[in-house]
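Following: one structure in structure tokens, then a few remarks.
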Amino acid sequence: MGPPASGKGTQAEMISTRFDLEAVSTGAMLRREQEAGTEIGQAASELTRKGELVPDAMITELVKIWLAEKEGGFVLDGYPRTVPQAEALEALLAENGTPLDTVIFFDVPFEVISDRILNRVGCTACGRIFKIGLQVQSEEAVCPACGGELIRRADDTVEALKRRMEEYQAKTAPLIAFYEQRGLLQRIAAGGQPEEVFGKVADHLER
Ligand code: ADP
């Protein structure tokens, strides 16, 4: 867990590769539903564009379907994001007999978040994320990895970021205490480069 653009998706991918665990991002799940034009996708699209969370029941249903097919371990990225979601997940995992091992909280200062969000573009073909001014010079550039088209996410705007931070403070931040009480929370300073952050994540997971 962590604020928007705290690096959850990047770290989830790195954990998935190193520890051979399947990772799921509820944000990516919703974007796929939107692209496919499903009922859920249509309902979510307006909310995510504005930076608001989608209803708990909707997202929990998607996660439940995903978990039902899982045999081994997994990494959840972007779920739970509210206390009711955390309670629903606890109940689901208790049913499956697979309780959470750990919850990582990616701690990133707001200035870093805002710089990352307002200057990032993603490739429509390979999904990689790049920073404008660093790996690419403008959002009109092509993907340095595969030549694909780069786009900005619909919710990576100043207005949506403001709303996403408000939603985060009001609904997600209370999860820090929720998981602290359960002895599951590991706080990791995540303002640095992905490899540096992953070093700390891997140390924690290997312990
Ligand atoms: P980020 O963490 O960078 O804000 P995500 O890709 O994780 O972005 O999520 C994008 C959007 O999808 C969120 O702003 C929210 O609208 C929606 N979303 C993702 N996961 C959840 C969730 N667990 N509960 C409610 N809404 C969610």
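Here the structure is a predicted model, which is why all the values come from computation and not from measurement. Just follow the structure's listing: the first ligand is 1, and inside any ligand the first atom is 1.
- For T48, heavy-atom contacts with ligand 1 shorter than 4.0 Å involve the backbone as well as the side chain.
- With atom 20 (N) of ligand 1 as the reference point, the heavy atom nearest to it among D155, V63, D77, T26 is part of T26.
- A heavy-atom distance below 4.5 Å is not found between the side chains of F105 and Y179.
- Closest non-hydrogen pair, C143 versus C146, comes out as SG-N, 3.3 Å.
- We find that E167 and R164 are not joined by a salt bridge, their nearest charged nitrogen and carboxylate oxygen being 4.0 Å or further apart.
- Considering backbone and side-chain atoms alike, Y79 places every N or O at 3.5 Å or more from each N or O of ligand 1.
- Salt bridge absent: K162 and E159 never bring a charged side-chain N and a carboxylate O closer than 4.0 Å.
- Counting heavy atoms only, R81 comes closest to atom 5 (P) of ligand 1 of the residues R81, M58, E46, K8.
- Atoms of ligand 1 lying under 4.0 Å from at least one heavy atom of R120, given by number and element, are 3 (O).
- The protein heavy-atom contact nearest to atom 15 (C) of ligand 1 is E52 O, 3.7 Å.
- Looking from atom 6 (O) of ligand 1 to the surrounding protein, the closest heavy atom is R31 NH1, 2.9 Å.
- Taking all heavy atoms of Q85, R164, R153 into account, the minimum distance to atom 10 (C) of ligand 1 is reached by R153.
- Taking all atoms of both residues into account, the shortest heavy-atom contact from A12 to V75 is CB-CG1, 4.2 Å.
- Across all non-hydrogen atoms, the minimal contact from R128 to A145 is NH1-CB, 3.5 Å.
- Polar contact check, A28 against ligand 1: no nitrogen or oxygen pair lies under 3.5 Å apart.
- With a heavy-atom cut-off of 4.0 Å, M165 does not touch ligand 1 at all.
- Taking each heavy atom of G147 and V142 in turn, the nearest pair found is O-CB, 3.7 Å.
- Remark: ligand 1 atoms within the under-4.0 Å shell around heavy atoms of L30 are 12 (O), 17 (C), 18 (N), 19 (C).
- With a 4.0 Å heavy-atom cut-off, ligand 1 is reached by the side chain of I59 but not by its N, CA, C or O.
- At a heavy-atom distance under 4.0 Å, atoms from both the backbone and the side chain of P4 approach ligand 1.
- Taking 4.0 Å as the cut-off between side-chain N and carboxylate O, R163 and D155 do not count as a salt-bridged pair.
- Protein heavy atom nearest atom 26 (N) of ligand 1, with residue, atom name and distance: V54 N, 3.1 Å.
- Considering both main-chain and side-chain atoms, G51 never comes within under 3.5 Å of ligand 1 through any nitrogen or oxygen pair.
- Considering all non-hydrogen atoms of both residues, I117 and R152 come closest at O-NH1, 4.3 Å.
- More than 12 heavy atoms of other residues, nucleotides or ligands lie within 6.0 Å of CG in D203, so this atom counts as buried by the packing criterion.
- Atoms of ligand 1 found under 4.0 Å from any heavy atom of A5 (numbered from 1 in listed order, with element): 3 (O).
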